[in-house]
2 protein chains.
Amino acid sequence: MTTAAETMRPSVQRAVEVCPVEVSMAVLGGAWKLSAVKYLLERTHRFGELQRRLGTVTPRTLTRVLRDLEADGIVVRTVYAEVPPKVEYSLTDLGRSLDQVVGWLDAWGDAYPRPVG
Amino acid sequence: MTTAAETMRPSVQRAVEVCPVEVSMAVLGGAWKLSAVKYLLERTHRFGELQRRLGTVTPRTLTRVLRDLEADGIVVRTVYAEVPPKVEYSLTDLGRSLDQVVGWLDAWGDAYPRPVG
DNA sequence: TCCGACAGTATCCAAACCGTCAGTATGTGT
DNA sequence: ACACATACTGACGGTTTGGATACTGTCGGA
């Protein structure tokens, strides 16, 4: 049999040993991840669409980000057997369950420096 | 004059250029950070208390985590001129404003692998 | 015939992150 | 005399993360 722990990415596994919040941060932390999720909450995107909306991300990095999110069960990757290639990214139920927090973190980040001065 | 941007840590500054959610992750992302905040939401802690509650964190790492949180306006560090040294860490208003999200992320992380298996 | 769009890969490189180990200073307890 | 507790700091190193740059293959359009 295969337990969930065996297929988890190393950083997530480590987090499980420590604290639930660490698990969340292991899955959602890191550059571009939540921005990508934020756009995917809007609607399904193609690879190039995400790249353009994120602005300065390189294809190499975006690929890694999306592959991690896929491995963690947040996004689904759908490949169409067409030429030129067409690949769509959308959220799983688990990914959609992030709607609230992402909205919250977006608002908090937007207001961030202001409480200081 | 001094703008907020000038005193921000580099990773936070970069995030500001990208997206508000990235700002949140720049401030809150990384090992031990949200776990520390979680305990500090309970009450003020001394350095050693936090270290023991976090379990396997090294003093070196914990220091860096707390210094970052201080620089980002999340925690306050109070040093008492005593021997042996006594240092207390507590949350700022901004830090306390994380109560909801931390609770949410803790719950989400706790439930995490179950939706899959 | 050559160019661009598409969704990436390959390879290399730099910075950030996090950990280990050793050491600091001072006062109390045995 | 010696260890212990406290809250660190410094030097160093490995691993992970993220970025720069160049390249792949196929098709439709100019």
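Letters go in sequence order (proteins before strands), and every chain restarts at 1. Any value given below was found using the heavy atoms of this structure, including those in side chains, with hydrogens, waters and symmetry copies removed. Values in this document were obtained by computation on a predicted structure and should not be read as measured data.
With DNA chain C read from its 5' end, the first of the two nearest nucleotides for A:Pro84 and A:Arg60 is the one closest to A:Pro84. In terms of position along DNA chain D, the nucleotide closest to A:Trp32 lies nearer the 5' end than the nucleotide closest to the other residue of the pair A:Trp32 and A:Pro85. For B:Val83 and A:Arg67, each mapped to the nucleotide of DNA chain C holding its nearest heavy atom, the one lying further toward the 5' end belongs to A:Arg67. Positionally, the nearest nucleotide of DNA chain D for A:Gly29 lies more toward the 5' end than for the other of A:Pro59 and A:Gly29.
Using a 4.0 Å heavy-atom criterion, one finds that A:Arg14 contacts no nucleic acid atom at all. Here A:Tyr89 lies in heavy-atom contact (under 4.0 Å) with sugar-phosphate atoms only. Residue contacts shown for B:Arg46 are limited to sugar-phosphate atoms, with no base heavy atom under 4.0 Å away.
Residue pairs meeting the salt bridge (Lys or Arg N to Asp or Glu O under 4.0 Å) criterion with at least one member in residues 20-31 of chain B, sequence neighbours excluded, are B:Arg14-B:Glu22.
For B:Gln51 and C:dT20, the CD to P distance is 12 Å, given to the nearest whole Å. Atom CZ in A:Arg64 sits roughly 12 Å away from atom C1' in C:dC12 (whole-Å rounding). Atom CZ of A:Arg52 is separated from atom C1' of C:dG4 by 13 Å (rounded to the nearest Å). In this structure, B:Glu82 atom CD and C:dT28 atom C1' are separated by 14 Å, rounded to whole Å. Rounded to an integer number of Å, the gap from CG of B:Leu62 to P of C:dC17 is 16 Å.
Judged by distance alone, the side chain of B:Arg9 and the main-chain N or O of B:Ala26 form a donor-acceptor pair under 3.5 Å. The backbone N or O of B:Gly109 sits less than 3.5 Å from a side-chain atom of A:Ser24, completing a donor-acceptor pair.
Using cut-offs of 30° and 60° on the angle between ring planes, the pair A:Trp108 and A:Tyr112 is tilted.
In 5' to 3' order, the nucleotides of DNA chain D bounding all contacts with chain A (an atom under 4.0 Å from a heavy atom) are D:dG18 to D:dC27.
Screening A:Val75, A:Asp72, A:Leu69, A:Val76 against A:Thr92 for a side-chain contact (heavy atoms from CB on, under 4.5 Å) leaves a single residue, A:Val76.
From B:Lys33, atom NZ reaches atom CE of A:Met25 across 9.0 Å, with rounding to the nearest 0.5 Å. Here the CG-SG distance, from A:Asp110 to B:Cys19, works out to 9.0 Å after rounding to the nearest 0.5 Å.
Distances shown here put a side-chain N or O of A:Arg77 below 4.0 Å from the OP1 or OP2 atom of C:dG8.
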